[in-house]
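Numbered from 1 within each chain, the chains take letters A, B, ... in sequence-line order. Note that the structure is a prediction, hence the values are computed from the model and not measured.
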Amino acid sequence: MSVVQNIRTAAAAAIKALYEQAIPAKDIAINTTKPEFAGEYTILVFPFTKFSKLKPEETGEQLGTYLTTHYPDLVAGFNVIKGFLNLEIREQYWAQYLQQHFNNRNIGKKPANGKKIMVEYSSPNTNKPLHLGHLRNNFLGSAIAEILKANGYEVIKANLVNDRGIHICKSMLAWQLFAHGDTPKSSGIKGDHLVGDYYVKFEGILKEQAEPIVARILKNDFKDIEGTDLLKVEKLVNAFHKPEVQQDKEKSAKLLDDIKELARKNTEIMQQAKIMLQQWEAGNPEVRALWNTMNSWVYEGFEQTYKRLGITFDKMYYESSTYLLGKDLVEEGLRKGVLFKKEDNSVWIDLTAEGLDEKLLLRGDGTSVYMTQDLGTARLKYDDYKMDQSIYVVADEQNHHFKVLQLIMKKLQEPSADGIFHLSYGMVELPHGRMKSREGTVVDADDLIDEMISASEQQTLAAGKAKDFSEDELQGLYEMIGIGAMKFFLLRVDPKKKMVFDPKESIDLHGFTSTFVQYAHARIKSILREVDLNTDKLEGFCHKGSLLPLEKALIVLTEQFDTVLEDAEKEMSPSVIASYAFQLAQQFNSFYAEKVEGKYTYSIREAESPEKQKLRTQLAMLTARTIERSMKLLGIDVPEKM
RNA sequence: GGACCGGUAGCUCAGCUGGAUAGAGCAGCUGCCUUCUAAGCAGCAGGUCAUUGGUUCGAAUCCAAUCCGGUUCACCA
């Protein structure tokens, strides 16, 4: 149990005894004590004055006195300032924590709680390589999975690959038309990039073909447009040409966009892509063969990228085998009367009572939509694992989708409905705005990884570090630093918030970065190598006597790890861990560097007594372990030396 | 238009289950390497916590309104 929990329990008992009031321990507000006052933790006594019928100061005095007399092992002393009761924790308490945990490899790890959680993340499309946005998703998903494991859950890491659909056909078609049989091997281009290049090629041709159509449409020449689109386009153009619309820039731009969209839809190449999609769905052997081949290229590419990043999965789902799911659910829903049919045979659910709209679940021709698939996949996952919770790591632009998904699942009385949780994260933006593929501002994941690693190499060399490293060790270090920097940069921000990715800032290895934390770790390890006190001697050692200020501050901070881990789970936020790891590294650095008249105050090697040397060695080990564990939860490795 | 999210130092972000003088990092300025790793440490400077009103002993934090920015409300995925 953490100190804070102990304090809460004690305080609750004290209040019960003093004022005959039962307050749940968890409702007692505790802060860390401001550095200018004596003590480590502070109880806010304002809320208790109601039933103590005393001034805050007097209430604090009473409580403090009670705690010191009844819990002498925990509370050694106190002072009261206004309504703040500052508690000085018995130093022995800290020494014991240190003794118990300094050599604990799995620090913070909770025993299994019997609950199972699936975390779905990554979920790439197989028509393009991964980009910066995917990185935030992957890092978040991995980190959350690790955080849940550390908190005692059984975790299934799942990846639902979007491997079919019109966007895939676009790459396939362009490859067929323009690649002359090019393969990753023949071209030397990584598979996912090669396929992505043909997707870009498709978009280029599409744009080329759409432009003249748009021009003709605006001159009221609709010969390119067919079927129901003809009516739509006439309406749009009429509206577009109205003088009042021409005045309204926003409106006219929107209409023009709609017109362009229709033109794109009616290009020759787009028609070909659609035919290919139909052939794919019909199981055309040639199309399927091409699809298999090109997807396999992409998977090889992804595999490399995942490997470099240390991203792994326990279970792969492929949309090509899940996209037809959900129809059973719809059938059942119809029978239960939760869903209804319209005249054209399309199936809907009415969510107007919940303040939402009606939502389509099956088209008139019986084909399904995105939502239908997701309903079916949710059931499939549950059938596979019967997990208590199913987390979807998906960007916040899909907030509405997941709200509706869960609502429909509830209405269909699916047992998995309550466990659905959308871990919604904000978009990654560049200093000048969002990434736009049309403007070529998309930051490619592989490029970024290379840049980060080479930046870490340059900065290592510039700082004159890592001199006695072998070539292999150097390469390993550069990767550890570069990839760590990237992960930390993307994880240090609260996932819910959109964030700005500044390339210049991201390669900075100073300040609030993984490099800072890694460096502190390497520094500790270097000190420990030099002092070389064997663990057996330390095992039985429990420091007696008083602690110096930064010794105490460091233990107090390491002791908070448990709580931080719980907070990270509760908030679903690895950023909590990142902040903590940084704070801990900072605290150690202060401890390490404090000097008076040229002498280190907290020297380990030149400690003023054997007891202090043991104490500080334990403390250094505990700090290193806590840093290592924290970073590991973020998927970041820490070096022994750097 | 409805719904949801955000607005804290020049920049990027913490703090938001109400509590002491609002914190880091970067950028700027001062110091500190004959002694455990200076990718570091110590310090200075930098704030109408978007605005207004309310609740409270106490509001960056809760409530309401307003302003600004974003996302979404597809028979796309």
Find out whether [X] and [Y] are in side-chain contact, i.e. whether some heavy atom of one side chain is under 4.5 Å from a heavy atom of the other.
X	Y	result
A/D396	A/F402	no
A/R136	A/M499	yes
A/E551	A/K612	yes

Problem set entry | N/O donor-acceptor pair, side chain A/K595 with base B/U35, under 3.5 angstrom | yes
Contacts of A/S171 meeting side-chain hydrogen bond (donor to acceptor under 3.5 Å, both in side chains) (sequence neighbours excluded), chain-then-number -> none
Atom pairs, N/O to N/O, protein against nucleotides 40-42 of chain B, distance under 3.5 Å?
residue	atom	partner	partner atom	Å
B/G40	OP2	A/H510	ND1	3.0
B/G40	O3'	A/N589	ND2	3.2
B/G40	O2'	A/R523	NH1	3.2
B/A42	OP1	A/S590	OG	2.9

Handout entry: B/A60 to B/U52 separation - P atoms, rounded to the nearest Å
Key = 13 Å
Just to verify, what does [X] make a side chain to side chain contact (heavy atoms under 4.5 Å, CB included) with, not counting sequence neighbours?
X	value
A/S52	A/Y19, A/T49, A/L54, A/T59
A/K82	A/F84
A/S321	A/Y318
A/E566	A/K110, A/N151

| message | Whole angstroms only, please: what is the CG-P distance between A/D508 and B/C13? | response |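 It works out to 15 Å between those atoms.
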Please set out all donor-acceptor pairs under 3.5 angstrom arising from side-chain atoms of residues 38-46 of chain A, sequence neighbours excluded.
residue	atom	partner	partner atom	Å
A/E40	OE1	A/I89	N	2.7
A/E40	OE2	A/K552	NZ	3.3
A/Y41	OH	A/Q560	NE2	2.9
A/T42	OG1	A/T33	OG1	2.7
A/T42	OG1	A/N86	OD1	2.7

Would you list the protein and nucleotides 15-19 of chain B atom pairs, both N or O, that sit under 3.5 Å from each other?
residue	atom	partner	partner atom	Å
B/C16	N4	A/K497	NZ	3.4

Intra- and inter-strand pairing of RNA chain B, written as dot-bracket with Watson-Crick and G-U pairs under 3.5 Å and | for the latter, reads ((((((((.[[[[.)...(...]]]].(((((.......))))).....[[[[[..)....]]]]])))))))....
Determine, using ring centers only, whether A/F421 and A/Y392 are less than 6.0 Å apart.
-> no
Who are the ring pair (Phe, Tyr, Trp, His ring centres under 6.0 Å) partners of A/F78, not counting sequence neighbours?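 Once residues adjacent in sequence are excluded, A/F78 has no partner under the ring pair (Phe, Tyr, Trp, His ring centres under 6.0 Å) criterion.
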Contact list (N/O, under 3.5 angstrom) for nucleotides 71-77 of chain B vs protein:
residue	atom	partner	partner atom	Å
B/U71	OP1	A/R434	NH1	2.9
B/C73	O2'	A/D357	OD2	2.9
B/C75	N4	A/D344	OD2	3.0
B/C76	OP2	A/R363	NE	3.0
B/C76	OP2	A/R363	NH2	2.5
B/A77	OP2	A/Y370	N	3.3
B/A77	O3'	A/N162	ND2	3.4
B/A77	O3'	A/E319	OE1	3.0
B/A77	O2'	A/N162	ND2	3.1

Contacts of A/I81 and A/K525 projected onto RNA chain B by closest heavy atom; the upstream (5') one is A/I81
For A/K467, the salt bridge (charged side-chain N to carboxylate O under 4.0 Å, His left out) test, sequence neighbours excluded, returns none
